[in-house]
Amino acid sequence: MKFSQLLCPTLKDSPREAEIVSHQLMLRAGLSQKVASGLYSYLPMGLRVIKKIEAIVREELDAANCQEVALPLITPASLWQESGRWAKYGPELLRFKDRHDNEFCYGPTFEEAITDMFRQSVQSYKALPVTLYQIQNKFRDEIRPRFGLMRSREFIMKDAYSFHLTEDCLDITYKAMEAAYHRIFKRCGLDAVCVQADSGAIGGDVSAEFMIRADTGEDEVLICQGCQLTANKEVIEKTNHCPKCNSTEFKSVRGIEVGHIFKLGTLYSSALKASVLSDLGKPTIVQMGCYGIGVSRTMAAAIEQHHDEKGIKWPIAIAPYTVTIIVTNMRDEAMVETGLALYETLKHQKIDVILDDRSVSAGVKFKDAELIGFPIQLVIGKQFSETGTIEYKERDTQDTINVSKDAIVGHLKTKLETSN
RNA sequence: CGGGGCGUAGCGCAGCCUGGUAGCGCACCAGUUUUGGGAACUGGGGGUCGCUGGUUCAAGUCCAGUCGCCCCGACCA
């Protein structure tokens with residue numbers, strides 16, 4: 001991509017509405033824009049980050065034998081009535097009627113819809129276990145949306161649901177999903193912890209949350225000083241001591257909840273009569289698990305965890321572009337030619353690269369590069385004219401080194417390989 | 001929904017107390033000079049001051065209502 005053609009409206013001043021740093025930076029870096037309270041559009045840069053997170057989620061879930069499906073965003077009231085949640089769910093569930101006066105809701109979560117898909121498709125225990133997932137927009141009419149993408153009403157979420165004949169089998173998948181989640185957040189370059197949690201409105205008996213550590217996080221995580229067990233505040237408040245070692249000493253840290261995994265048991269499968277025939281020919285209600293990841297929230301959390309006073313410091317795996325080539329003087333033909341050639345070379349090597357070919361002053365390009373947070377800057381500037389070298393700079397560490405024009409691609413590739 | 005704050009150009013703000021027909025910085029457009037850390041000069045474009053009603057000769061400014069947005073709380077992936 002050439003920056004001169006890119007829709008990326010960066011701002012010097014932070015809009016008044018944004019208070020926390022991820023919200024400010026996503027607006028300033030031109031990632032996303034507000035449409036109404038709790039509703040946001042993604043601009044090209046923001047969408048690239050989302051797509052990268054989604055790609056990592058897909059790869060890890062597919063590797064864990066999950067299958068991707070797509071359910072409609074809108075669910076008929078009849079399914080929710082069957083589970084009993086039409087009455088239980090509050091105004092957070094956005095309901096409406098179609099022209100025939102049939103009732104529907106925008107899906108905030110999809111246990112009913114997926115269980116319906118399952119019961120229409122599976123009759124035998126031989127098809128189990130099976131785990132289905134989707135990545136799409138969810139809608140929850142939050143009492144108070146806040147902090148931009150951190151708590152929006154429409155948001156992108158990956159939700160997965162597993163079906164099993166036995167609790168033991170559910171247990172195996174639950175643990176496999178926990179492991180997959182650790183890999184996902186690690187690959188995204190995020191420091192996440194898995195904590196014991198309360199299962200809340202979704203129901204079920206066992207659940208764990210994945211928290212990205214950040215001082216601005218909405219949630220409080222308690223770490224047991226006896227055995228290092230991590231749990232969310234609600235769990236400890238209920239029992240007042242560590243459920244594992246009985247210690248009452250805790251250290252408190254703040255976190256952003258980006259994932260939640262549950263063992264649902266037969267909560268929904270019994271309500272919706274999702275059963276299979278066992279090997280004894282006996283109808284058996286299936287065991288279920290469900291597993292969510294807030295994709296758009298993960299993007300916000302990544303900014304909270306990786307930024308400085310200049311802007312965002314994207315982890316390489318989820319950066320909108322890995323490398324930006326900054327040509328400081330667009331009137332200097334040698335610089336322009338070198339920048340373009342380097343850009344073409346990197347593109348052919350399948351490196352995500354953007355060429356800042358705008359006819360603006362060097363300062364603007366530097367500031368934008370720091371703000372948007374491309375992990376690596378390759379600067380073709382005055383040192384190029386003088387010594388024929390290109391400046392290699394890392395956004396995170398600000399480490400800078402001059403590399404000859406001929407060696408720059410090799411240097412970059414070595415750096416990228418060692419950082420993976 | 002309770003408490004607090006805010007709506008004036010794309011973004012940040014002043015003007016409101018004390019009414020007289022809208023201004024500053026940045027951004028944007030044109031030209032000239034610039035080109036390593038948000039350049040300079042000159043000349044431009046852009047606002048029914050959130051909306052509705054009222055008071056007044058006259059309302060961005062005063063009064064009433066209403067809508068929207070943000071923060072704290074209750075609630076929540």
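Naming: A, B, ... by sequence-line order, numbering from 1 per chain. Bear in mind that the values here come from a model prediction, so they are computed numbers and not experimental data.
Straight-line distance between the C1' atoms of C17(B) and C63(B): roughly 15 Å, to the nearest whole Å. The separation of G4(B) from A64(B), taken at their P atoms, amounts to 16 Å, rounded to a whole angstrom. Taking the C1' atoms as reference points, C6(B) lies 11 Å from G50(B), given to the whole Å. Using atom C1' as the reference point in both U61(B) and G19(B), the two lie 6 Å apart (nearest Å). Here the separation of C16(B) from A27(B), taken at their C1' atoms, is 27 Å to the nearest Å. For the P atom pair drawn from U48(B) and G60(B), the interatomic distance equals 13 Å after rounding to whole Å. A59(B) and C49(B): their P atoms are spaced 11 Å apart (whole Å). Comparing the P positions of G53(B) and A14(B) gives an interatomic distance of 28 Å, to the nearest angstrom.
Residue S37(A) has its side chain nearest to C69(B) when only C69(B), G38(B), C76(B) are considered. Candidate nucleotides G36(B), C72(B), C70(B) were compared by shortest atom distance to the side chain of V379(A), and G36(B) ranks first. Taking the side chain of A362(A) as heavy atoms from C-beta on, and the options A39(B), G36(B), C69(B), the nearest nucleotide is G36(B). Distance from the side chain of R151(A) is smallest to C76(B) among A77(B), G38(B), C76(B). Here the side chain of H260(A) is nearest to one of A77(B), G36(B), G12(B), namely A77(B). You'll find that the side chain of E142(A) is closest to A77(B), out of A39(B), G36(B), A77(B). Of the candidates G36(B), G38(B), G37(B), G38(B) carries the atom nearest the L371(A) side chain, counting heavy atoms from C-beta on. With A77(B), C69(B), C72(B) as the choices, the nucleotide that has an atom nearest any side-chain atom of A36(A) turns out to be C69(B). In this structure, of C11(B), C71(B), G38(B), it is C11(B) that holds the atom nearest to the side chain of P15(A). Relative to the side chain of K382(A), the nucleotides G36(B), C70(B), C72(B) differ in distance, and G36(B) lies closest.
With both pairing distances under 3.5 Å, G73(B) is matched to C1(B) as a Watson-Crick or G-U wobble pair. With a cut-off of 3.5 Å on both Watson-Crick or G-U wobble distances, the partner of G7(B) is given as C67(B). G45(B) makes up no base pair with any nucleotide shown, lacking Watson-Crick or G-U wobble contacts both under 3.5 Å. G23(B) is paired with C13(B) under the Watson-Crick or G-U wobble criterion, all donor-acceptor distances under 3.5 Å. The base-pairing partner of G60(B), taking Watson-Crick or G-U wobble contacts with both distances under 3.5 Å, does not exist among the strands shown. Searching all strands for a Watson-Crick or G-U wobble partner of G36(B) with both distances below 3.5 Å returns nothing.
Using a 4.0 Å heavy-atom distance criterion, R16(A) is classed as a sugar-phosphate-only contact. No engagement by S359(A) is indicated, since no non-hydrogen atom pair under 4.0 Å with the nucleic acid exists. Within the 4.0 angstrom heavy-atom criterion, no nucleotide atom of any strand lies near D159(A). Backbone-only contact: F147(A) has heavy atoms under 4.0 Å from sugar-phosphate atoms and none from a base. Within 4.0 Å (heavy atoms only), K34(A) reaches sugar-phosphate atoms of the nucleic acid but no base atom. E391(A) comes within contact range of at least one nucleobase, with a heavy-atom separation under 4.0 Å. Across all strands, S385(A) comes closer than 4.0 Å to no nucleic acid atom at all (heavy-atom distances). If you check every strand for non-hydrogen atoms under 4.0 Å, Q383(A) touches a base. Contact annotation for G381(A): base contact, defined as any heavy-atom pair under 4.0 Å involving a base atom. Looking at heavy-atom distances under 4.0 Å, K393(A) makes contact with a base.
For the residue pair E391(A)/T400(A), the side-chain donor-acceptor check at 3.5 Å is not satisfied. Between the side chains of R85(A) and Y268(A), a donor-acceptor pair is found at a separation under 3.5 Å.
Checked by atom type and distance alone, the side chain of H411(A) never pairs as donor or acceptor with a backbone atom of A407(A) at under 3.5 Å.
In this structure, CG of D356(A) is placed 18 Å from P of U35(B), rounded to the nearest angstrom. The interatomic distance linking E19(A) (CD) with C71(B) (C1') rounds to 5 Å, in whole Å. Taking atom CD1 on I143(A) and atom P on C76(B), their separation rounds to 8 Å, with Å as the unit. Across the protein-nucleic acid pair, I20(A) atom CD1 and C72(B) atom C1' stand 15 Å apart, rounded to whole Å. Atom CE of M26(A) is separated from atom C1' of C11(B) by 15 Å (rounded to the nearest Å). Note: CD (E386(A)) to P (G36(B)) measures 10 Å, nearest angstrom. Protein atom CD of E333(A) is 16 Å distant from nucleotide atom P of U35(B), rounded to whole Å. In this structure, D13(A) atom CG and G12(B) atom P are separated by 7 Å, rounded to whole Å.
A distance cut-off of 5.5 Å between ring centres, combined with a plane angle under 30°, places F155(A) in a stacking arrangement with the base of A77(B).
A residue-by-residue look at H23(A) and D219(A) shows that H23(A) has its nearest nucleotide of RNA chain B further toward the 5' end. Map P145(A) and E257(A) each onto its nearest nucleotide of RNA chain B; the residue landing nearer the 5' end is P145(A).
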Taking it one step at a time, do S4(A) and D357(A) satisfy side-chain hydrogen bond (donor to acceptor under 3.5 Å, both in side chains)?
-> CA-CA 6 Å; S4(A) 60; D357(A) 60 339; 2.8 Å; yes
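Under the 4.0 Å criterion applied to side-chain N and carboxylate O atoms, K186(A) and E60(A) are not assigned as salt-bridge partners.
Not a single donor-acceptor pair, N or O on each side, falls under 3.5 Å between the base of G36(B) and the side chain of N329(A).
Among T322(A), D352(A), I408(A), L378(A), the one residue that satisfies the side-chain contact (heavy atoms from CB on, under 4.5 Å) test with L346(A) is L378(A). For the side-chain contact (heavy atoms from CB on, under 4.5 Å) with I390(A), the qualifying choice from L342(A), L412(A), N402(A), V379(A) is L342(A), the only one to do so.
Using the six-membered ring where Trp is involved, Y174(A) and Y291(A) have ring planes that are tilted, between 30° and 60° apart.
In this structure, S361(A) does not reach the U35(B) phosphate: none of its side-chain N or O atoms is under 4.0 Å from OP1 or OP2.
Here the straight-line distance linking atom CD of E304(A) with atom CD1 of I256(A) works out to 5.0 Å at 0.5 Å rounding.
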